[in-house]
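Notes for the one structure printed next.
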Amino acid sequence: MNYWLMKAEPDDVGIDDLMRLPAQTVGWYGVRNYQARNFMRDDMAMGDLALFYHSGCAVPGIAGIVEICSAPYPDPTQFDPENKYFDPKSTPEVPRWQQVDVKFVRKTRFIPLSELRNLPALGSMRLLQRGNRLSITPVSEQEWHILEGLF
DNA sequence: GCCAACGTTGGC
DNA sequence: GCCAACGTTGGC
């Protein structure tokens with residue numbers, strides 16, 4: 001079982017939106033980075049837990065927990081010319097981008113990025129590394145347990 | 001809106 | 001395979 005951190009833009013789908021969705025589940029569409037894709041494709045498994053992180057907003061931070069609830073499958077937005085995530089180089093025969101479904105588990109106390117940065121014990125978190133831009137990053141078991149203590 | 005950091009593209 | 005140019009991310 002692995003732990004993850006997944007960035008969402010609350011203007012698009014925030015934790016409160018996820019709570020209100022049918023089955024409280026959403027396909028994690030729109031990943032267009034190979035490293036992040038490979039995490040989903042190769043290293044995630046159903047039952048893995050992920051921190052649901054709000055980014056691209058006034059106060060970024062951890063907002064909740066979700067569970068990976070599907071195997072990876074092709075991201076449908078890559079085939080839709082009207083969609084902003086359309087990829088003309090991808091085909092249904094050889095899809096380039098994958099997604100997984102995630103299911104709402106719980107909200108946490110909102111933990112701002114600034115608070116995470118002030119915790120020396122989390123210094124090695126991938127999210128906090130200089131220049132990190134990955135929308136999906138692994139979280140170690142040790143880091144996960146430290147974070148659980150903050151919720 | 002700025003800009004540092006990083007990823008991708010494409011000519012050579 | 002190199003690397004300059006360009007595009008994107010994302011915090012501030």
Side-chain angles (χ1 to χ4, degrees), chain A residues 2-21 25-44 48-68 70 72-140 142-144 146-151:
Chain A
N2 290 315
Y3 297 103
W4 305 94
L5 180 141
M6 300 172 82
K7 294 181 185 173
E9 300 195 3
D11 286 349
D12 187 11
V13 182
I15 193 74
D16 290 322
D17 301 309
L18 178 59
M19 276 177 74
R20 293 189 203 103
L21 286 172
T25 296
V26 70
W28 206 263
Y29 60 88
V31 170
R32 294 294 179 271
N33 170 282
Y34 289 103
Q35 227 180 323
R37 179 203 67 182
N38 294 348
F39 282 140
M40 288 196 291
R41 191 189 61 189
D42 304 333
D43 300 322
M44 271 186 183
D48 282 2
L49 295 174
L51 302 163
F52 190 102
Y53 179 89
H54 285 180
S55 82
C57 52
V59 185
I62 295 168
I65 295 177
V66 295
E67 178 180 343
I68 310 307
S70 82
Y73 62 98
D75 175 346
T77 64
Q78 70 194 302
F79 308 125
D80 176 6
E82 304 300 312
N83 194 285
K84 76 173 199 178
Y85 294 115
F86 177 61
D87 182 350
K89 292 180 181 170
S90 185
T91 66
E93 293 72 29
V94 189
R96 179 175 294 192
W97 305 110
Q98 303 279 118
Q99 67 181 37
V100 296
D101 292 342
V102 305
K103 184 175 171 55
F104 175 80
V105 173
R106 58 169 289 204
K107 287 180 76 165
T108 61
R109 175 173 76 83
F110 185 79
I111 305 174
L113 177 60
S114 57
E115 182 177 338
L116 298 175
R117 288 200 186 284
N118 281 330
L119 294 171
L122 293 177
S124 61
M125 248 189 112
R126 186 83 171 260
L127 170 77
L128 305 179
Q129 299 310 303
R130 181 168 180 268
N132 167 69
R133 297 188 320 181
L134 273 182
S135 62
I136 298 175
T137 51
V139 173
S140 75
Q142 187 185 9
E143 289 159 356
W144 185 272
I146 292 168
L147 290 157
E148 276 184 322
L150 304 175
F151 295 156

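The sequence lines fix the lettering, A, B, ..., with proteins before strands; numbering per chain opens at 1.
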Supply the atom-to-atom distance M125(A) CE to L51(A) CG, rounded to the nearest 0.5 angstrom.
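Interatomic distance, M125(A) CE to L51(A) CG, rounded to 0.5 Å: 6.0 Å.
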Residue pair V139(A) / W4(A), side-chain heavy-atom distance below 4.5 Å:
no
Pairwise side-chain contact, F110(A) with I15(A), heavy-atom cut-off 4.5 Å (strictly under)
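They are not in side-chain contact.
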Could you check whether R32(A) pairs with D75(A) (Lys NZ or Arg NE/NH1/NH2 to Asp/Glu carboxylate O, under 4.0 Å)?
yes
Side chains of Q98(A) and Y73(A): do they bring a donor and an acceptor to under 3.5 Å?
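Short answer, no.
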Under a 4.0 Å heavy-atom cut-off, which of residues 52-63 of chain A touch DNA chain C?
Y53(A), S55(A), G56(A), P60(A)
How close do M6(A) and V100(A) get, heavy atom to heavy atom, and via which atoms?
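Scanning both residues, the minimum pair turns out to be CE-CG2, 4.4 Å.
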First and last nt of DNA chain B near chain A, cut-off under 4.0 Å to heavy atoms, 5' to 3', are dA5(B) to dG10(B)
Assuming nearest nucleotide by heavy-atom distance, tell me which of R130(A) and Y34(A) is located more 5' along DNA chain B.
R130(A)
So does Q142(A) have more than 12 non-hydrogen atoms from other groups sitting under 6.0 Å from CD?
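12 or below, so no.
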CA sep, side-chain torsions, deciding dist, call: I65(A), W144(A), side-chain contact (heavy atoms from CB on, under 4.5 Å):
CA-CA 11 Å; I65(A) 295 177; W144(A) 185 272; 4.1 Å; yes
Under a 4.0 Å heavy-atom cut-off, which of residues 84-93 of chain A touch DNA chain B?
K89(A)
Would you say the side-chain atoms of T108(A) pair up with the backbone N or O of F151(A), donor to acceptor, closer than 3.5 Å?
no
